[in-house]
Amino acid sequence: MDTMTLTSPGAAADPRSTTQQPPRARAGRPTFARLWRGAEADPSWARPALLGLLLATLVLYTWNLTASGYANSFYSAAVQAGSESWKAFFFGSSDAANSITVDKPPASLWVMALSVRLLGLNSFAILLPQALMGVATVGVVHTTVKRQFGAAAGLIAGAVLALTPVAALMFTFNNPDALLTLLMALGAWATLKAIEQASPKWMVIVGVLIGLGFLTKTLQVLLVVPFFGLAYLVAAPTTLRKRIVHSLLAVGAMVLSAGWWVAVVELIPASARPYIGGSQTNSFLELTFGYNGLGRLSGDETGSVGGGGPAGAGAAAGGGMWGSTGLFRMFSSSVGGQVSWLIPSALILLVAGLWLRGRRLRTDLRRAAYLVWGGWLVVTMLVFSFMAGIFHEYYTVALAPAIGALVGMGAVEAWERRSSVVAMVALAASAAAAAVWGFVLLSRTTAYGDWLRVSVLAVGMAAAVLLLVVQRLHLRAVPIVLAGALLAGLAGPAAYAVSTTAQGHSGSIVTAGPAGSSRGPGGFGGAARGGVGAAVPFGGQAPQGQTGQQAGPQGGLPGGFPGGTPGGAQGGGGMGGLLDASTPSTAVVAALSADAQKYTWVAAAVGSQTAAGLQLGTQLPVMAIGGFNGSDPSPTLAQFQQYVAQGQIHYFAGGGRGFGNQNGGSSSSSEISSWVQANFAPVTIDGSTFYDLTQPLR
């Protein structure tokens, strides 16, 4: 048993291999004093440092929060609908009249819709919950790491997470990934609590958190489950039989906490609920295991805008339209700057940590923590690296908590064991890896000149060399060396994170970092203003700094479709694109709002983004024909004709973007578009083309 005590400030003693409860703060101390001081066993700086970290994270994530406007209008429109209709709220409908849902389960929309109900429909109300989730995730990772590795480790872990560029992006954006990341971090926290106490109650909590993660982004949350379960089966201080039973209880809780909503959706008659967006058969199970599930791995995603398969026109070598796959995908030109800054260091410290804990008892809590966080990182990174279907750089935010935890845990573990050659070589190697890889990533952009990358390399390498001989240094030099290693590792991601929050992001594909620092997979646009296709107003001008239907560096949409409308409605009228929404002008809003009470939908448009722009401008229901890609059979031509005959839809927006029957999707949107153009005269409203469905040609 290792009973070494640390000489470094704030480091925690190596815990024993059984349950170890931290001392509580002394009773009778005033509440504010307890909040500021923390537990008696903590260093005096620990709690103020944590509060400072959380405050700095809050400032970073909120100071320019509304610059992104409605951010991803696809989700903002669903939030608006959920704030108006409880039925739309429950199902995650794109519009308050419940024509079709978004292509994800609705948990993240629930949080934002409740905020909008409280604060009104605006950018701040939509994005504030995301920023608060970011601060909470930093706090959870800090608390989880600190419990077994001490305050210094927790602080490093939280800082690494907060400054990861893709985290700064997604915790200021309205995609489901923010809530998913928080729930997975909470799952890791609850797992380690369960292991520490051999507690079935905490394993049930783990299952509930994973189930809520499923209701946020379906199967992605399951990537962390194998090593959560393995860590408990290996390390919980109880009998094997109880460990198995407790694990089964967690699985049951996971199924129940996710399955209740799925059961309701599947059992309610299709006529009584909205169509399930992203599916071809109006089934959430098909959406889960097809378009959002196995299809993401194989690239066989019916109705998607692109997928895997052999390289060809519009595809990247070694992969599909969503970029090259392979072991080093996370370090590529498009993904590397988002998240990979400290991945090499995290992997080095993971291996070293497992080696240093190798001969501990089965119930060693620190080794269990390495299994939880290390398994999370390795499994998720491998899946992201080899998935042949739709892949966006921002998915990698799911790696950030594990990277932060492993860097904090491993660095402190190695420092505690600095008398060991393995420990000090690992610590020096991790510092050198962070410096070298930071230099490489900073060399991919001209945003910061040469001074930053050269400084990172010089300071980091100097610190790495000095760490090898740290025990021969004067005591006063040691903190300088440690601070140099830490600053060199965090300087690059910090610069990217600040650049990310300093600019607005909009559209469906967004990337972190300075403007123009990277490009998306398969020719999609880069980071500036949020990637593909900045929004152009219906009948108006593009917002400052944006141009309509911007193409990425390799020509815009995948598969050789530079902003066109294959399989969907005909172009024209400045109606936005497949991946971005447009802001309607005052004249368009006035026309669509006129006599709105007479109609179920004031307009219909091919593709969810086109519909979202109109809906957010009018705050009235707009039907998204064909869902996000325009490739879902919702509604069919016969259904649409019935809606028109019943006078439920006022206008049809010309120029809506969709991919129709591309990749096996439905051709309904094309059929509807052709029928409308053949039977209704176009009208121009402030430069935009619409069809008045109450005025047939005959």
Side-chain angles (χ1 to χ4, degrees), residues 53 56-57 60-61 134 138 155-172 328-349 377 381 393-394 396-397 399-408 410-411 427-465 467 481-503 511-519 526-528:
L53 172 63
T57 304
L60 176 64
Y61 290 175
V138 170
L155 195 64
I156 294 171
V160 170
L161 167 58
L163 294 175
T164 301
V166 72
L169 172 66
M170 295 317 294
F171 288 124
T172 57
F328 299 104
R329 189 183 204 177
M330 297 299 100
F331 304 93
S332 65
S333 59
S334 64
V335 181
Q338 309 298 298
V339 75
S340 72
W341 301 84
L342 293 173
I343 286 180
S345 301
L347 293 175
I348 291 170
L349 293 170
L377 175 63
M381 188 167 64
E393 292 97 328
Y394 63 76
T396 59
V397 69
L399 300 173
I403 295 170
L406 289 170
V407 169
L427 192 59
S430 65
V436 171
W437 186 238
F439 176 83
V440 172
L441 291 175
L442 289 169
S443 298
R444 294 176 178 176
T445 179
T446 59
Y448 312 108
D450 291 332
W451 70 269
L452 182 59
R453 65 191 182 105
V454 172
S455 298
V456 164
L457 182 63
V459 173
M461 292 303 296
V465 172
L467 282 171
V481 173
L482 296 177
L486 187 62
L487 289 174
L490 292 180
Y496 262 58
V498 171
S499 295
T500 298
T501 59
Q503 60 185 327
T511 52
S517 63
S518 64
R519 69 174 181 222

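None of the values given here were measured: they were computed from a predicted structure.
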Exercise: identify the closest heavy-atom pair between L60 and A162: CD2-O, 4.0 Å
T501: partners by side-chain hydrogen bond (donor to acceptor under 3.5 Å, both in side chains), with sequence neighbours left out: W63
L53/L155 under side-chain contact (heavy atoms from CB on, under 4.5 Å): CA gap, chis, key distance, verdict: CA-CA 8 Å; L53 172 63; L155 195 64; 4.0 Å; yes
Within-4.5 Å side-chain heavy-atom neighbours: L457 and L442: no
Check: L427 main-chain N/O paired with S430 side-chain donor or acceptor under 3.5 Å: yes
Spatial distance of atom CD1 (I343) from atom CG (L377) [nearest 0.5 Å]: 6.0 Å
For A485 against A463, the heavy-atom pair lying closest together: N-CB, 3.6 Å
All pairs passing ring-ring contact (aromatic ring centres under 6.0 Å, His included) where residues 433-453 contributes a residue, at least two apart: F331-W437
Any L163 side-chain heavy atom under 4.5 Å of T57 side chain: no
All side-chain hydrogen bond (donor to acceptor under 3.5 Å, both in side chains) counterparts of Y61, not counting sequence neighbours: none
Side-chain heavy-atom pair W341, V456 within 4.5 angstrom cut-off: no
Distance (rounded to the nearest 0.5 Å) between I403 CD1 and S340 OG: 8.0 Å
Side chain Q503, main chain G513, donor-acceptor under 3.5 Å: yes
Donor-acceptor contact present, side-chain T445 to main-chain A447, <3.5 Å: yes
Where A435 and G460 come nearest, the two heavy atoms and their spacing: CB-CA, 3.6 Å
Expected output: side-chain T164 to main-chain V160 donor-acceptor under 3.5 Å: yes
For the student: nearest non-hydrogen atoms of E393 and V335, plus distance: CG-CG2, 3.9 Å
Beyond-backbone contact of M461 with V436, side-chain heavy atoms, under 4.5 angstrom: yes
Rounded distance (nearest 0.5 Å) linking atom CG of L161 with atom CG of L399: 11.5 Å
Shortest non-hydrogen contact between G337 and P165, atoms and distance: O-CG, 3.5 Å
CD1-CG distance between I156 and L482, expressed to the nearest 0.5 angstrom: 8.5 Å
L169 and V397, any side-chain heavy atoms less than 4.5 Å apart: no
Sub-4.5 Å side-chain heavy-atom contact between L347 and M381: yes
Test item: Q338 side-chain N/O and A512 main-chain N/O as donor-acceptor pair under 3.5 Å: yes
